[in-house]
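Below you'll find the structure, written out as structure tokens, and then a few comments.
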Amino acid sequence: MGKYFGTDGVRGVANEDLTLDMAVRIGQYLGWYYGQQRNHARILIGKDTRLSGDMFELGLAAGAVSTGAEVKLLGVCPTPAVSFLVNRSDFDCGIMVSASHNPYTDNGIKIFNHEGKKMEEELLLSIEAYMDGLMEIPVAHGEAVGTFQCWPEGLDLYIRWLESVVDEDLTGMKIAVDLANGSATSTAVRTLQDLGAEVLAIGDEPNGININLHCGSTHPEALQEFVRENGCDLGLAFDGDADRLIAVNSDGELVNGDYILYIVGRDMKEQGKLRGNMVVTTVMANLGLYKGLEASGIDYIQTPVGDKYVFEEMEKNGYLIGGEQSGHIIFYENMVTGDGLLTALKLLETLRRTGKTVQELSDGLFIYPQELVNVRVRDKNAVMEDEGLREVIARAEAALQGNGRILVRPSGTEPLVRVMAEAATDDICRDCVKTVTDYLEENGF
């Protein structure tokens, strides 16, 4: 990771950590860099609904135009729409202005390369050098100055593609959606209705400051109640930029990414479409998912936490489904990034094709109770290298006799160690976590 760009782009409080000047300079560098490779760069920019989105969108566009680029503005759209369109519409790169599930006061800038994948580290470091004034680039003059225009047709292309992915008619299905007052307001209702579903929506009135506010995939409680009250077949909760999905079954129970990987992964296996017989997960997937996949004769592989690592494993080996408990699911045959609406359609297609409910398709999956505690420490690296801690963890895991696990890992961004336990009961989970946290406290970490 660089000075500004983390694993998911630049992100921070608007006009404090992330400023208009930073956006302009990012746009300038990309416009200049890709302009060296052809007459002028072609850049696509999208945004979510947060108040500062217009400012950063126009700052990026102005910067790129000042160095001769042709810029298309997609407007409010899901992050995966930018990735999809860059890959298929001859853009040099794409930029998404969003802070995902963060509050409206934050914003972010994520950059995709010409394949729709996250931008290469080497280029991001070069952009940072320009942002810090360590290099100069020329601006355009006269007829070489670039142009920008709104491109709503791009969103139509994306929606039509999504609809083409699904083989099943959704007529007769009653679906509730929570759009998080975010990017999904531009696509989800229209797409599901086009496929025949009856759609009831909440979180569908964005005003710039209510994105993710008590709604969406990080706050699905309102959707759970809404599904029960309205007798819906399924509920779909998106995050702010619509690249994740948390579902709700007809009983109002949560269906997170682990459930989705289990349900769709098993269906892909039954259809002979599960390449390598493999589902890619992160180390934070529930133990119950692993046991359920094993019982279904499906292999799995664990990556570090983060969709970046899931995608790298899938790309390296050609695996077709992988994701995170948070609902960030990648279908590699269709997309190179997570897409909440595509995930919803894959789940709905499975329900429709099999004629079964989520509850029926979840049979055989027992989600273990989980306890997660963040412990603030002076030196997280020293903690992870401590032999005594390893022995404590080993003894606690041995006591679980294969019916649970303990995971201790350092935070990637803070002086924290995350202690997670899964076991048959909540009480056992708490006891396991306490065993580890007590050791850390007693040994002065």
Side-chain angles (χ1 to χ4, degrees), residues 1-48 50-74 79 82-83 86 91-100 102 104-148 241 306 308 412-415:
M1 294 188 294
K3 179 178 179 181
Y4 303 112
F5 287 93
T7 56
D8 214 25
V10 184
R11 189 176 294 185
V13 178
N15 281 339
E16 294 181 23
D17 307 307
L18 178 61
T19 66
L20 177 59
D21 180 65
M22 293 168 71
V24 171
R25 292 181 77 83
I26 291 170
Q28 283 182 322
Y29 189 90
L30 291 170
W32 168 78
Y33 176 82
Y34 287 108
Q36 308 306 296
Q37 302 172 29
R38 57 166 142 184
N39 289 335
H40 56 263
R42 297 190 73 245
I43 298 175
L44 179 65
I45 302 175
K47 63 183 177 182
D48 67 21
R50 63 194 73 221
L51 197 60
S52 60
D54 294 348
M55 174 178 68
F56 290 120
E57 171 199 49
L58 295 175
L60 288 159
V65 165
S66 76
T67 54
E70 175 192 335
V71 176
K72 296 285 183 72
L73 303 182
L74 197 54
T79 290
V82 176
S83 170
V86 166
F91 288 97
D92 295 301
C93 68
I95 309 172
M96 181 66 184
V97 180
S98 174
S100 188
N102 288 27
Y104 86 95
T105 49
D106 290 358
N107 217 324
I109 296 173
K110 179 189 291 189
I111 308 175
F112 297 97
N113 66 18
H114 69 283
E115 295 180 309
K117 301 173 184 176
K118 289 184 178 180
M119 185 59 75
E120 295 81 4
E121 183 83 8
E122 182 179 355
L123 182 54
L124 295 179
L125 293 175
S126 297
I127 297 172
E128 290 189 345
Y130 179 63
M131 293 167 70
D132 281 339
L134 301 179
M135 62 179 294
E136 295 295 327
I137 60 173
V139 294
H141 298 278
E143 294 182 355
V145 173
T147 61
F148 80 85
D241 68 334
K308 168 188 175 182
T413 57
E414 299 176 88

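In this chain, numbering begins with 1 at the start of the sequence shown.
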Looking only at heavy atoms, which two atoms of E128 and F5 are closest? And how far apart? OE2-N, 2.8 Å
Any donor-acceptor N/O pair, Q36 side chain to W32 backbone, under 3.5 Å: yes
Has T67 got a side-chain atom pairing as donor or acceptor with Q28's backbone, closer than 3.5 angstrom? yes
Salt bridge (charged side-chain N to carboxylate O under 4.0 Å, His left out) contacts touching residues 30-47 (sequence neighbours left out): R38-D90, R38-D92, R42-E70, K47-D54, K47-E57
Do the charged groups of D132 and K3 touch, with an N to O distance under 4.0 Å? yes
salt_bridge(K308, D8) N-O dist < 4.0 Å: no
E122 backbone acceptor or donor facing S126 side chain under 3.5 Å: yes
Any salt bridge (charged side-chain N to carboxylate O under 4.0 Å, His left out) involving residues 12-21? Give me the pairs, sequence neighbours left out, ordered by first then second residue. none
Determine yes or no for a side-chain-to-main-chain donor-acceptor pair under 3.5 angstrom, with R25 supplying the side chain and Y130 the backbone. yes
How about CZ on F148, more than 12 heavy atoms from neighbouring residues, nucleotides or ligands closer than 6.0 Å, or not? no
Do you know which of L18, N102, N107 makes side-chain contact (heavy atoms from CB on, under 4.5 Å) with R11? N102
Partner residues of E120 under the salt bridge (charged side-chain N to carboxylate O under 4.0 Å, His left out) criterion, sequence neighbours left out: none
At their closest point, which heavy atom of G63 faces which heavy atom of S66, and how far apart are they? O-OG, 2.6 Å
